Structure formats: structure tokens, C-alpha cells
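Below: the structure, in C-alpha cells.
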Amino acid sequence: MPILILPAIATQFLARILLHLFDKLGCMRQFHLTPEASADANPVDAAEILEGLNAMQQEAASATDGPVLIIAGPGSGKTRTLTHRIAYLLGAGKARPFEILALTFTNKAAREMRDRIKKLVGEEAARGMWMGTFHSIFARMLRIEGKKIGYTPDFSIYDTDDTQRVLRDLMDRYHVDGKQFNVRAMRSIISSAKNQMVSPGEYEKMVASPVQEKAALLYRPYQQSLLKANAMDFDDLLLKPIELFEKDTQTLKKYQQRWRYVHIDEYQDTNHAQFLVARMLAAVHRNICVVGDDAQSIYAFRGADIGNILSFQRDYPNATTVRLEQNYRSTKAILRLADSIIKQNKDQIEKTLWTENVDGEAVVLKEAISEKDEAQKTERTIRDIHVRRGYPFKDFAVLYRTNAQSRSLEDALRRGGIPYRIVGGQSFYQRREIKDALAYLRLIVNPSDLASLRRVINYPARGIGHKTQEVLSTFAVKEGLTLWQTLERIGDVGLSNRARTAAEKFRALIAKYVSKAGTLSADELAREIIREAGIFDDLRKDNTPENLVRWENVNELTNAIAEFVANSSEQATLSAFLQEVTLMTDADEGEDSDNKVTLMTLHASKGLEFPAVFITGLEEGLFPLSQAASDRKELEEERRLFYVGATRAEKHLFLMYARSRYRYGDQQTAVRSRFLEEIDASVIRTERGDNFEQRKDRFVTSQRGKGAFEGLDPHYYRKKPSGKSNGKGAVSSGRRIVYDEGEGGPLSPGMRVEHDLFGEGKVLALEGQGDRAKVTVFFKEVGQKKLVLKFAKLQRIG
DNA sequence: AATAACTTTCTTTTT
DNA sequence: GAAAGTTATT
């Protein structure tokens, strides 16, 4: 890197931070602003300084008051930039710590930011700052202010599991059943309605399908159940602050005054509610600074609205826009590949990424026979680079589209004796035994908590089965009580002696610890109730290795609680612990010091970087996922995901695909991903060092048409004919399952078909591709229907 | 009536 | 291959 030349405006900012840093480190104050000189001064911290300098080129100039939009590519140090801005505000005396609100999306990013701030301005300042994920910040605020909208500070936070428990109850009560009305569908419809801030009343009017009709029926009762349970789901954590602010403008004013500077990381991932609450909070001082990259928007599925970042300048007309286009991370080869990926997308802000880094080695494409082979090749390649080039294991990351793919990779790494860690997936706090134990604690803290009560009322088995629970539920609804209140009036319910005794015993158990909650410390409380409830006994009942691990996990939980109580200085209440733990979905044990290969989903990789990266499973139907293949917007999101994955790599990038893969419990043949056919092949070499021969004609690029294929594999996965998957092979092979069939599919308009339920009919039209393919059929009995081909199980007749 | 054993279904990403 | 749903057993 050449000598660094600083823009004049940046000097004051830089000098303050650097002097501060040198002060802290106790090293000399004389330094030349060249990389070489600072490297001499102190090799370790010089790296930090250099990082800082790199990131400060333009943002120093825009470290002014007023709204700021920072658009930046991957590897340009976005989060770092934001951190330095905050440091600047403090360093320049513009703001005091508690006047700054910094919002991130992952706990990981929040932690990273806090660590950097600590380094730059000291621990004291960092502590006073409101810095964290949207969800954790608002949980914290609602602990303080929630009573104004009907929640006690002990409210429970419901994750997907819990909300589905509540919904299942409601589906019973409102008689929503049938195959297509499953809990997951209902939950996701309600959740996206909430994300878009559509109220139950508004939603009822928008209903356009039977599934939506059922969801509309459940939406309002669902919200009422949560309120009654003194619980909020993840969506509520964003919506309730808005509700609160609208209802009580005094509270809004308080926080508007308090937070003079609002900072948001990964702005492209904000949803409508987050946009609104940010705008509310920044309305007085109008010092809002957001950082993001539209090309890395990969969370539309959970309501992220890329429009927020695209229209920032319209929302804040006098905003300063800063573009950071220099990439400090990857080689030219990798960046070129990444650029060729994202160029395929139509919806994007034009950015020209560039780097001063070396050209680097070619990106390597590897084909494998099976997923097992893919995993072994990955393992061998890691070992090879590790041994021959001396890369430590922590320099490697293996990325995949779905969590299920980690299994074969783990197998291969374990077999090869290579240490690894898995990020994300099921974190400690999401394991069943942990959630069971936590449910007891949540119930003690918040007895209204319906989901937790349902979770543990018969675990371990104590004779309160479905029937009994149903009776209790019905009584509760009839009397307008919570389930817990029903247990307190168990005599009035009219149960059999046996059931009543069991229920009463359970109530007494919980009540005992509710009253003990004041006297025992949190960890003692946890240990005792877990023991007395019989969880330990249940896990030791039979001596399977799984149960042993579970038993250890539960023990570990009590340690974690003890640690939490010991470490947190402020009100380290048990309920605060329980709330935080629910929000900690990223496997948090990310000890970076460990020298291990990292396995994770592409989503989880965002914001990270590794010298060597493997992107596995580049196959049609998997990446891009079949559901996304027929919709341009979804396909573009998959492509951005590929882009995110590729730009994690600093020096080496490997693209892997397998010709067959186990899916749905069956071996299925696979076609390599269309993404491979559309990228810049000039930077790619095959395993043997050959040029990569693309088959461009295989897929129509996204620019042409609406993502349709031209005369090619309409199915991405085809079952091998051998299938002895279900015992009744004869029956299923006699039946012609359409999506299983060869080129073009056997159906065409005019054909006569038969459906299990609807009977005989005539095909009118076909549309969509692969798993999304739909067929319109006119049935004699029931008239015209549009069916998803994959599930319709149509049989040709005549 | 509760629970264990078996069968069928449905497969994404996460705060 | 896991989870939900169904049937058989206690």
C-alpha cells in the first residue's frame, strides 16, 4: 500500500482518535501518517489504525450533522465506518454516550461495534450507549415503558416455536384444519401482515384466498392471546414501540430528545416498521446515519424492504450521500467474479467496485459425484491448503444454502480430523431440552405465559394429556381466564379426580417457585425447579448418549444463568435474561480464538470474511432454491446471496456442486446451478486447471423474458427410477407423478387427467417451472381449478 | 385416557 | 430425515 494521503477535513477527526488510541496504549505520540511508520510504532495496533484510516477516506468528510446515507460495497468496511463516526461524535464532543442510538441486525455486529468503540473511546463511554439489535434495544425500552401499553416488564418474548404453539391452540378453537391450513403457513401470513403493519381489520378486507381467509380469522385472536399472555413475538418488538409512541407522545418526545444521533447498520434489511420507528426517533434532531448495500439485501423473506435504502434521499431530502466503492478485502479475481454475479440483476444501484489488491488466484470450480464426495473434496482441499501453504483452520469457511447440508460436511471433517464449528443453525438456546427448562423459568417469571405453560404442563409426563388440556382450555376461554388462572380454579373446571390431582400438583409446583423467586438467586431457582420438575430424572431415565448430552446442556444452562447474574451490573433480572436469550439466535459461542473451520449458511456469513471460502451445493433447486427459480425478484435475491457468499473470500474461492444429492430422504440427481452458467468464466479454473466450459444456452438469462427456460430441464431434481423409498413401490410406480417425468413433462393442454379428490378433468393450461409449476384443469364435478403440479398427483387417463 | 410405536408429510434463509 | 399425524398398546 502506498503512502497515505489524508483529506484535509479528516485531520482533526483522525488526530483525535489516533491520539486517544496512542494514549490508551501508552505509546509515542509522534507518528508519520504512512503505513510503514505506524507499523514500526506498534505492529499490532498499527493494523487497527490502518483499518481505521482505510475506512475514513470519505466518511470523515461527511461526519457532519444531518441525515447521512452511506452506500457501500462488500469489503469496504461499512460497520467500521459507522463505528468511527460514533467515535468521532464522542471525540469531537458533539454527543455524549447516552445520546447515541446504534442499531444493528445481529448480535454479532453489535458486539463487534461495541468492541471497536471501546478501543476507540474507552469502556466507560461504550457502556452508556444504547447499542444493539433492533429487537434487543426495543425489548430493553419496553421493559421500561411497556406498562403504558399493557405489558409488565416481565413480558415473555415468543420465538417461532412459541407462536406456533399459540396458533395451534387457536386453530383448534376456530376449527381451522385441513391439509393446506398448516400452522407454519398461518404464522408466516400473519407475520408478514404485521411486518407490513396491516392490522387485523385491514387484513380481513384484503383476503383473496382460502388460506388468507383462515389467517384473517386467526390474526385478531392471535394478537389478543399474546397480550393476555403478556408476551410479544419478534414482530411485536418492532411494532409495540410504534404503538406506544403514537399513543403517548410524551414518551416519544423523551426518546427523541435523548437520542440526538441515530445510527443504523445494514439499512437494506430494515422492514417498514423499522423504517417508521427510526424516522420517529430521528424526527427532532434529524441526525440519522444509515449504512447499507442494496446488493446484499437477502432478507426480503422476513419483510426487509429494499425500498427503504433506495428512497432514503427522498425520505430525507437534505441527506449527504457517501459511496464507498473501494474493496479492501478480496483479490481482483474474486471481485470480478462477484461483479459478474450481481450484474445479472436488474434491480440495483449502480456501483463500480474496485480494489488495489492483487489479481490473486483463479476461482476454482469443483464437481462432485455426490454430496458425500463434495464434502470429502472440501475436506481434502482444506487439508491441502493447510498443510502446503500453512493456512490455519480458522482461515476457512464452508458455506451452504440450507442448514441440512451441514451434516455431510461435518461427517467428512470429523472423519478427516479437522476441527470445525457451526455458526447459526440450532444455537444452544434453541435446543429442545434448553427450551423446556427455560419454559419453566419463564412460567415462574410470567405465569400468564401461555406458550410456556403448554410446553411444560405435561413435560415430563405427569398425566395431563391432550384431553385434559383441552378441557382446561375450553374452560379458560369460556371464563375469559388465562390458563394459569384456570389452574388456580381447578375445582370449578369439572375434571376427573385423577386429572384434577395431576393439574393441582403441577400448579403447586410452579406456585412454590413463584413465591421463592424473591429469595433465591436466579441460578439456584433454575437448578431447583429443573430438578423438582423432574427434567434431570427424565433425561437420566434411559442412558442414551443423546440424553447424556441433553443432561449436560441443562446443567450448562444453570451455569450460564449464574454467569449472567454475576456479570451484569444493572438490574440483572431473570426476566431480562430470558428475554435476551430468546433473541440470541445466532450461535453465540463464536470464540474466534479457536482455530477451527467455520461452517454456516450463506445468510449467516454476511459481514464476515475469510481467506478461503467454499460455496457448496451450487445446484438447481438448491441454490437457487426451487421455490425461488420462477420468480424474478426471488431469483434476484438468491443471486444476491451468491454475491454475498463470494465476497466473503479474501484470497481463495471454491465453487462446488454435486451431480446427485440426498434430499427428502432420497438420492436425487442434480443439475448444476444456472448461476454457474452466467458468471464470468475467465477467472474460473476447474479442478484440473482447465478453463471452465459454460453452457450458456442452458438457461435464459434474467434479462430476457420473465426468467423462463428455453427447452431445458423443467425439473431440477428428478427421482432416480430405482426408488424403493416407500414400501409400496408397486403402487407409486404405477401412478404417474407428473413432475417426475421426462423432458417437457407429459402434460399438455387438452389431455384428460384424474385427480384423487376432484375426479376427472381436462387440462386447460400449464404455467411456471419445476416445483412451482401449476396446471389449470377443468373438472367435471367441481369446475375449474388451478393446482400445483408437484402436489396435484394427477394421473393421465385415456 | 395416556403414552408408545408406527406412518405420513414436507421440506429455506432468521431477528 | 425430522416433525406432525395416526394407530396400537398399556
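Here is how names work: the chains are called A, B, and so on, in the same order as the sequence lines, proteins then strands, and each is numbered from 1. Note that the structure is a prediction, hence the values are computed from the model and not measured.
As rounded to whole Å, 16 Å separates atom C1' of B:dT12 from atom CG of A:Leu399. In this structure, CD of A:Gln164 is placed 8 Å from P of C:dA4, rounded to the nearest angstrom. Between the CG atom of A:Leu608 and the C1' atom of B:dT14 there is a distance of 15 Å, rounded to whole Å. Atom pair A:Leu495:CG and B:dA1:P shows a separation of 10 Å (rounding to whole Å applied). In this structure, the CD1 atom of A:Ile422 is 13 Å from the P atom of B:dT13, given to the nearest Å. With rounding to whole Å, A:Arg187 atom CZ is found 13 Å from B:dT14 atom P. The nearest whole Å value for the distance from the CG atom in A:Asp172 to the P atom in C:dG5 is 10 Å. Distance, A:Lys606 NZ to B:dT13 C1': 11 Å, rounded to whole Å.
With DNA chain B read from its 5' end, the first of the two nearest nucleotides for A:Ala499 and A:Glu638 is the one closest to A:Ala499.
Annotation: B:dT13 and C:dA4 have their P atoms spaced 15 Å apart (nearest Å). A gap of 16 Å separates the P atoms of B:dT14 and C:dA3, to the nearest Å.
The side chain of A:Leu625 lies closest to B:dT12 when the candidates are B:dT12, B:dT14, C:dA2. Side-chain atoms of A:Arg168 lie closest to C:dA4 of the nucleotides B:dA2, C:dA4, B:dT12.
Taking the charged nitrogens against the carboxylate oxygens, A:Arg640 and A:Glu637 do have a contact shorter than 4.0 Å, which makes a salt bridge. Electrostatic pairing of A:Arg165 and A:Asp162 does not count as a salt bridge here, judged by no charged N lying under 4.0 Å from a carboxylate O.
The salt bridge (Lys or Arg N to Asp or Glu O under 4.0 Å) check on A:Asp172 picks up nothing, with sequence neighbours excluded. Residues forming a salt bridge (Lys or Arg N to Asp or Glu O under 4.0 Å) with A:Asp159 (at least two apart in sequence, or on another chain): A:Lys435. Residues satisfying the side-chain contact (heavy atoms from CB on, under 4.5 Å) criterion with A:Ala499, sequence neighbours excluded, are A:Thr468, A:Leu495, A:Ser496. Contacts of A:Gln405 classified as side-chain contact (heavy atoms from CB on, under 4.5 Å), with partners at least two apart in sequence or in another chain: A:Tyr400, A:Arg401, A:Thr402, A:Thr616, A:Leu622, A:Arg661. Applying the salt bridge (Lys or Arg N to Asp or Glu O under 4.0 Å) rule to A:Glu504 yields the partners A:Arg507; only residues at least two apart in sequence or on another chain are considered. Not counting sequence neighbours, A:Lys505 has no partner by the side-chain contact (heavy atoms from CB on, under 4.5 Å) test. By the ring-ring contact (aromatic ring centres under 6.0 Å, His included) test, A:Tyr299 pairs with A:Phe301, A:His603, sequence neighbours left out.
Sorted by first and then second residue, the side chain to side chain donor-acceptor pair (under 3.5 Å) pairs involving residues 262-274 of chain A (not counting sequence neighbours) are A:Thr79-A:Asp265, A:Asn195-A:Asn271, A:Glu266-A:Gln268, A:Asp269-A:Lys606, A:Thr270-A:Asn308. Listed by first then second residue, pairs satisfying salt bridge (Lys or Arg N to Asp or Glu O under 4.0 Å) with a partner in residues 181-194 of chain A read A:Lys194-A:Asp233, A:Lys194-A:Asp236, not counting sequence neighbours.
An OP1 or OP2 oxygen of C:dA3 is reached within less than 4.0 angstrom by no side-chain nitrogen or oxygen of A:Arg184. At least one side-chain nitrogen or oxygen of A:Thr601 sits closer than 4.0 Å to the OP1 or OP2 atom of B:dT14. Distances shown here put every side-chain N or O of A:Asn403 at or beyond 4.0 Å from the OP1 or OP2 atom of B:dT11.
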Pairwise N/O distances under 3.5 Å, protein to nucleotides 3-7 of chain B:
unit_1 : atom_1 : unit_2   : atom_2 : d
B:dT3  : OP2    : A:Asn458 : ND2    : 3.0

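Within 4.0 Å (heavy atoms only), A:Phe234 reaches at least one base atom of the nucleic acid. At a threshold of 4.0 angstrom between heavy atoms, the contacts of A:Arg401 include nucleobase atoms, whether or not backbone atoms are also involved. Within the nucleic acid shown, A:Thr468 comes within 4.0 Å of sugar-phosphate atoms alone, with no base atom in reach, counting heavy atoms only.
Taken from CZ in A:Arg168 to CG in A:Leu170, the straight-line distance is 11.5 Å, to the nearest 0.5 Å.
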Wobble G-U and Watson-Crick pairs count when both distances are under 3.5 Å; given that, what is the 5' to 3' dot-bracket string of DNA chain B, with | for pairing to other strands? ||||||||||.....
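Across residues 293-303 of chain A, A:Tyr299, A:Phe301, A:Arg302 each have a non-hydrogen atom less than 4.0 Å from an atom of DNA chain B (numbered order).
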